[in-house]
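Worksheet: the structure to be examined is printed underneath.
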Amino acid sequence: MVGGLFRNLKYNCDFLQFNQLININVLESCKDFKVQKVVSCLSTCIFPGKTTYPIDETMIHNGPPHQSNSGYSYAKRMTDVMNQAYHQQYGCNFTTVIPTNVYGPHDNFSLEDGNVLPAQINKVYMAKKNGTPFTIWGTGKPLRQFIYSIDLAKLMIWALRDYNEISPIILSVDEADEVSIKEVVEMVIDASEFKGEVVFDTSKSDGQFKKTASNAKLRKYLPDYKFTPIQQGIKETVNWFIENYESARK
Ligand code: GFB
């Protein structure tokens, strides 16, 4: 069960319970059926709210997560704890990857429950169609690293085949590719060729200011991996959304 900041704020207990139930049912069955390898997803939002930067894989359990998604964060952290325990007692090869904010075609473009990038793509589509202002929530100042879903898919297949540590590995673009919400909104505006009014509704939460993650561990394995440039990823996603508007999740 995943979602953006605002969905986490609304359904914190469900995020805690449902994700723990998924962990327990999936991993226990995989142990019983001797599944050779399991790669589960954590997220860069599960790290301690108070931390030094850049965040790396050793910091997961170093303190309480940001309160905006504590339920989701604790459930996800337990995946790592369970993987270590299944390995120690049963020799299971269960591991986790830690994607940063994912975006791309086939996403959940929900205005209320979606993550920031898909929600903006849907919002600007509606603003353009209805001639209304494009309203961004919060100040636009927070910083994020965005990974294109096609890149994440390739890296998860790599993890399934060639990553054999039980401990997590962050799958993120470089720290230098971190952008502000305002910058990413401007890229969505360019890709959508929106010319209308842009408004920042600062009565809405900014959530975590930043969660800058280091991909040094990944770079040790794949020093030459080339991530899709964010402008190209956003353009492809905007085009996909327009072409698939009727069937897209929104
Ligand atoms: O992707 P997002 O919802 O979640 O991004 P997080 C939230 C940031 O985008 C906040 C701003 O700074 C919001 O103020 N924002 C601006 C918007 N306009 C919008 C909008 O229309 N919709 C949304 N959703 N945000 C999530 C975690 O944190 O990161 C999840 O809550 C998950 O559990 C995900 O881990 C990867 O990046 O803040």
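- Counted within 6.0 Å of NZ on K182, heavy atoms from surrounding residues, nucleotides or ligands total 12 or fewer; the atom is thus considered open.
- The ring-ring contact (aromatic ring centres under 6.0 Å, His included) analysis of residues 154-174, with sequence neighbours excluded, yields the pairs W158-Y163, W158-Y221, Y163-Y221.
- Residue A248 comes nearest to W240 through the heavy atom pair CB-CZ3, 3.9 Å, listed as atom of the first residue, atom of the second, then distance.
- With sequence neighbours excluded, the residues forming a ring-ring contact (aromatic ring centres under 6.0 Å, His included) with F241 are F109, Y125, Y245, listed by chain and number.
- In terms of heavy atoms, I22 sits closest to M1 at CD1-N, 3.9 Å.
- Sparse packing is recorded around OH of Y11, with 12 or fewer heavy atoms of other residues, nucleotides or ligands lying under 6.0 Å away.
- Taking the side chain as every heavy atom from C-beta outward, I169 and E57 approach each other to under 4.5 Å.
- In this view, F18 satisfies the ring-ring contact (aromatic ring centres under 6.0 Å, His included) rule with no residue, not counting sequence neighbours.
- Every residue two or more places apart in sequence or in another chain that forms a side-chain hydrogen bond (donor to acceptor under 3.5 Å, both in side chains) with Y148 is listed here: E236.
- The number of heavy atoms from other shown groups lying within 6.0 Å of NZ (K37) is above 12.
- Under the side-chain contact (heavy atoms from CB on, under 4.5 Å) criterion, N12 pairs with S70, sequence neighbours left out.
- Residues S149 and G104 come closest through the heavy atom pair OG-CA, 3.6 Å.
- If you take SG on C92 and CE on M82, they are separated by 10.5 Å, rounding to the nearest 0.5 Å.
- Summarising the geometry, atom NZ belonging to K211 is positioned 4.5 Å from atom OG1 belonging to T44; distances are rounded to the nearest 0.5 Å.
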query: Run the salt bridge (charged side-chain N to carboxylate O under 4.0 Å, His left out) check on R77 and D80 step by step: do they pass?
result: CA-CA 5 Å; R77 289 183 183 191; D80 175 42; over 6 Å; no

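- Taking the ring-ring contact (aromatic ring centres under 6.0 Å, His included) definition, one finds that F47 meets it with nothing, sequence neighbours left out.
- Proximity of K217 to D56: side-chain heavy atoms (C-beta onward) are nowhere separated by under 4.5 Å.
- The CD atom of Q145 lies 9.0 Å from the OG atom of S214; values are rounded to the nearest 0.5 Å.
- Both the sub-6.0 Å distance and the 45° axial angle are satisfied by K123 relative to the ring of W137.
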message: Between D174 and R219, is the salt bridge (charged side-chain N to carboxylate O under 4.0 Å, His left out) condition met? List the steps.
response: CA-CA 9 Å; D174 298 337; R219 284 296 184 203; 3.2 Å; yes

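- Judged by the 6.0 Å distance and 45° axis criteria, K31 is positioned over the aromatic ring of Y90.
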